[in-house]
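When a residue number appears, it is its place in the shown sequence, counting from 1.
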Amino acid sequence: MKLGWFLTAVSCLILVSGCNSGKGKSDTANGENTKKGQEFSVVVKQEIPSIDASVTNDVVGWGVLKNTSEGLFRADKDGKLVPAGAKENPQVSEDGLTYTFKLREDAVWSNGDPVVAADYVYGWQRTVEPKTASEVAYLFESIKNYPAIMDGQLPADQLGVKALSDYELEVTLASPVPYLDALLSLPPFFPQNEKVITESGDKYASSSEHMVYNGPFVLSDFDGAGTDTKWTYLKNETYWDQENVTMDKINVDVVKEDATALNLFQDGQTDDIVITGELAQQMADDPAFYSQEMSNTTYVEFNQSKKEFQNENLRKAISYALDRETLVKQVLGDGSIAATGLVPKNMSFNPDTNADFVKDSGNHLKYNPEQAQEYWDKAKSELGTDSLKINLLSSDADSAKKVVEYMQGAIQETLKGITVEVSSVPLSVRLDRGNQGDFDLILVGWGAEYNDPSVFLELFTSDNINNSGKYANKDFDAAMKASATTNAGNPEARWDDLLEAETIIMNTMGVAPIYQKAEAHLRNPNVKGILPSGPEYDFKWSFIEE
């Protein structure tokens, strides 16, 4: 998902962990916490741009949806996908194209309506309906008839999803998908209540009052997308598994400055904050400090609809001018690691040898200021200019601003004649400008929705709506298409396709990956039972007893 800085930098997916807050109430029997009536407070980095599952395309909105709603699958505390809205694992046809799900009959919406198969059908069709203009519709590309629907050749009701009965759902694929269960755990695949959406009209998802929920929490006190800086999660008493949700209330405050967040934490006004840079380094030995590596890549997109950024030598000059090791160690200091390619390490592994994708692919992003200057000299000759003024766009979170300020200095110092202006804006503005192509360079973060290299590589196929920089390469497109069609059922051949795709985009520097994100937290030391933090965890597992 386009996070515009995943987790710490831009955002705020609420990936806090723990089962017993200092603010909470607990009973003690035989020395063990029984955990009840707990309350937790957390500071996040950005406002919520949207909570509509059909259009939300950022980590903030997805965080809200994953904590207030659920689909057919969800991740447990170990990151394993288990049935949620589905009663059990599906029946699968011999050709691997048809999945039949039995739904949980005790699942209801927060307004009392039953969650039925038609809710899934409606939600999926609403997302792929071209009029919706969804930025997450591409996730449905493996579902039968998706391309024809997006091209206007078929109506949305021809998507390969069907309600066989109130509690039986059939999904038909165009080709086998090895990570289908992971896809079906994502917000765009959640059910949607047609009655509520119709009755709400234009007000739907504009506030917590114009929503309905089928997850462990309901959203409260949310008054406006992109503007509200406080909201609350309350335990959903209609949730089918509500007996295992131990948190009663989670308070959320938007605080963009690390120093302010640290003051709140040290004053006991919040239980969890994210820190970077000097503060992260200073607090690294504190008992409250915790850092977790993420399956996330932060990268720079070049606006290739503009002539100068169509120049491959210019793109390479900018990338080679960046000392990624210095950036992660001296600027971020939160455990992030320098990127070697677009796909992060420790996420996906060779189906034959079990080697990490990063090892098989190699290091495409070595710092080399001399070579950067050579590429800049070539670019100047090809562009017919000795100078260039570039605007670098990012969100206005502290960590984002620190990164683009470093990049500004590194580029200007290494590539004489290039002037870099920095624009740090609220996340909602950054997302809008990215969608509209209103940038020269833009800092973006993307987190893995599932553990497969395609989750990053598919972003830059020429027809992907998230390809804001308009990178286009026919060989790259061909490799990605082969991985999704011809070789979809051949793991080894598909792996080679994906390696080829990364090599192509890195050799042409279609985008410039910067680093793989880690998230450094300070957490209330009275919080017990801390679980690993990561993009697959959300409140229903952070605060659930199993």
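The side-chain heavy atoms of Asp497 and Met480, taken from C-beta on, include no pair separated by under 4.5 Å. Counting only heavy atoms from C-beta outward, the side chains of Tyr138 and Asp463 never approach each other to under 4.5 Å. Residues His364 and Met509 fail the side-chain proximity criterion, which asks for heavy atoms closer than 4.5 Å. Side-chain contact between Pro513 and Thr298 is absent, with no heavy-atom pair separated by less than 4.5 Å. Contact of the Phe357 side chain with the Asn350 side chain is not registered, since no non-hydrogen atoms from C-beta on lie closer than 4.5 Å. Within the 4.5 Å cutoff, the side chain of Pro344 has heavy atoms near those of the Phe456 side chain. When side chains are defined from C-beta on, Tyr320 does not count as touching Tyr367, because their heavy atoms never get closer than 4.5 Å. The closest side-chain heavy-atom distance from Val43 to Val274 is not below 4.5 Å.
A salt bridge links Asp377 with Lys380: the distance from a Lys NZ or Arg NE/NH1/NH2 to an Asp or Glu carboxylate oxygen falls below 4.0 Å. Ion pairing of Asp438 with Arg430 is absent here, as no side-chain N (NZ or NE/NH1/NH2) approaches a carboxylate O to less than 4.0 Å. Contact check on Lys401 versus Asp396 returns no salt bridge, with no Lys/Arg side-chain nitrogen under 4.0 Å from an Asp/Glu carboxylate oxygen. Of the charged side-chain nitrogens involved, at least one lies within less than 4.0 Å of a carboxylate oxygen, so that Lys256 and Glu47 count as a salt-bridged pair. Salt-bridge formation is detected for the pair Lys517/Asp334: a Lys NZ or Arg NE/NH1/NH2 atom is positioned less than 4.0 Å from an Asp or Glu carboxylate oxygen. At a threshold of 4.0 Å, the pair Asp356-Lys345 does not count as salt-bridged, since none of the basic side-chain nitrogens sits closer than that to a carboxylate oxygen. Taking 4.0 Å as the cut-off between side-chain N and carboxylate O, Arg74 and Asp181 do not count as a salt-bridged pair.
Within 6.0 Å of the CD atom in Glu413, the count of heavy atoms belonging to other residues, nucleotides or ligands does not exceed 12. Crowding of Lys306 atom NZ: a count of heavy atoms from other residues, nucleotides or ligands under 6.0 Å exceeding 12. Within a 6.0 Å radius of CD in Gln266, more than 12 heavy atoms belonging to other residues, nucleotides or ligands are found. Surrounding CG of Asp285 are at most 12 heavy atoms belonging to other residues, nucleotides or ligands under 6.0 Å away.
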Next on the checklist: I'd like to know whether Gln282 forms a side-chain contact (heavy atoms from CB on, under 4.5 Å) with Glu278, so could you lay out the CA-CA distance, the side-chain angles of the two residues, the decisive distance to 0.1 Å, and finally the verdict.
Outcome noted: CA-CA 6 Å; Gln282 292 171 10; Glu278 292 181 3; 4.0 Å; yes
Item to check | Verdict with supporting geometry, Phe309 and Asp440, side-chain contact (heavy atoms from CB on, under 4.5 Å) | outcome: CA-CA 8 Å; Phe309 301 111; Asp440 292 334; 3.7 Å; yes
Checklist entry - Where do Arg523 and Asp286 land on the salt bridge (charged side-chain N to carboxylate O under 4.0 Å, His left out) test, with the steps shown first? => result CA-CA 10 Å; Arg523 289 183 179 146; Asp286 191 287; over 6 Å; no
Checklist entry - Going through the checks in order, is the side-chain contact (heavy atoms from CB on, under 4.5 Å) test met by Val44 and Asp253? => result CA-CA 6 Å; Val44 299; Asp253 286 279; over 6 Å; no
Next on the checklist: Set out, in order, the CA-CA distance, both residues' side-chain angles and the distance that settles side chain to side chain donor-acceptor pair (under 3.5 Å) for Trp495 and Asn487, then state yes or no.
Outcome noted: CA-CA 9 Å; Trp495 186 260; Asn487 295 324; over 6 Å; no
Next on the checklist: Run Tyr406 and Lys402 through side-chain contact (heavy atoms from CB on, under 4.5 Å) and show every step you take.
Outcome noted: CA-CA 6 Å; Tyr406 162 77; Lys402 291 173 184 175; over 6 Å; no
Item to check | Residues Ser336, Arg324; criterion side chain to side chain donor-acceptor pair (under 3.5 Å); working and verdict | outcome: CA-CA 10 Å; Ser336 296; Arg324 292 164 173 82; over 6 Å; no
Next on the checklist: Show, in sequence, the C-alpha distance, side-chain angles and deciding distance for Asn313 and Glu382, and conclude whether the side chain to side chain donor-acceptor pair (under 3.5 Å) test is met.
Outcome noted: CA-CA 9 Å; Asn313 286 315; Glu382 292 164 354; 3.0 Å; yes
Item to check | Steps toward salt bridge (charged side-chain N to carboxylate O under 4.0 Å, His left out) verdict (Glu374, Lys378) | outcome: CA-CA 6 Å; Glu374 292 177 8; Lys378 292 178 181 178; 5.8 Å; no
Next on the checklist: Applying side chain to side chain donor-acceptor pair (under 3.5 Å) to Ser462 and Asp477, what does each step give before you reach the verdict?
Outcome noted: CA-CA 7 Å; Ser462 55; Asp477 286 351; 2.6 Å; yes
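For the atom pair CD1 (Ile48) and OG1 (Thr229), the distance works out to 10.5 Å, reported to the nearest 0.5 Å. If you take CD on Gln371 and OG1 on Thr414, they are separated by 13.0 Å, rounding to the nearest 0.5 Å. In this structure, the separation between CD1 on Ile273 and CG on Leu264 is 8.0 Å, given to the nearest 0.5 Å. Taking CE of Met407 as the start and OG of Ser394 as the end, the distance is 9.5 Å to the nearest 0.5 Å. For the atom pair CG of Asn507 and CD of Glu500, the computed distance is 10.5 Å after rounding to the nearest 0.5 Å. Distance check, rounded to the nearest 0.5 Å: CG of Asp452 to CG of Leu498 gives 6.0 Å.
Counted by atom type alone, Gln373 and Tyr375 present zero donor-acceptor pairs between their side chains at under 3.5 Å. A side-chain N or O of Thr276 and one of Asp258 form a donor-acceptor pair less than 3.5 Å apart. A side-chain donor-acceptor contact under 3.5 Å links Ser50 and Thr56.
With hydrogens and angles disregarded, no donor-acceptor distance shorter than 3.5 Å links the side chain of Trp446 to the backbone of Asn296. In this structure, the side chain of Gln516 engages the main chain of Met294 through a donor-acceptor pair within 3.5 Å. One N or O on the side chain of Thr297 and one on the backbone of Leu342 form a donor-acceptor pair closer than 3.5 Å. With hydrogens and angles ignored, the 3.5 Å screen pairs no side-chain donor or acceptor of Glu421 with any backbone N or O of Asn391. Of the possible polar contacts, one joining the Ser134 side chain to the Ala137 backbone as a donor-acceptor pair under 3.5 Å is found. Using a distance-only test at 3.5 Å, with no hydrogens or angles considered, no donor-acceptor pair links the side chain of Ser319 to the main chain of Lys316. A side-chain donor-acceptor contact under 3.5 Å links Asn311 to the backbone of Leu314. Judged purely by atom type and a 3.5 angstrom limit, Ser361 has no side-chain atom pairing as donor or acceptor with the backbone of Val358. When atom types are taken as modelled, the side chain of Asp151 and the backbone of Gln153 share no donor-acceptor pair closer than 3.5 angstrom.
Taking the six-membered ring for Trp and thresholds of 30 and 60 degrees, Phe476 and Tyr471 have ring planes more than 60 degrees apart, a perpendicular arrangement.
Under the 6.0 Å cut-off for aromatic ring centres, Tyr299 and Phe460 qualify, their centroids lying closer than that.
Between Ala75 and Leu81, the closest heavy-atom pair is N-CD2, 4.0 Å.
Just one residue in the list Thr127, Ile143, Val171 forms a side chain to side chain contact (heavy atoms under 4.5 Å, CB included) with Leu159, and that residue is Ile143. Exactly one of Ile318, Ile442, Ile390 qualifies for a side chain to side chain contact (heavy atoms under 4.5 Å, CB included) with Phe302. That residue is Ile318.
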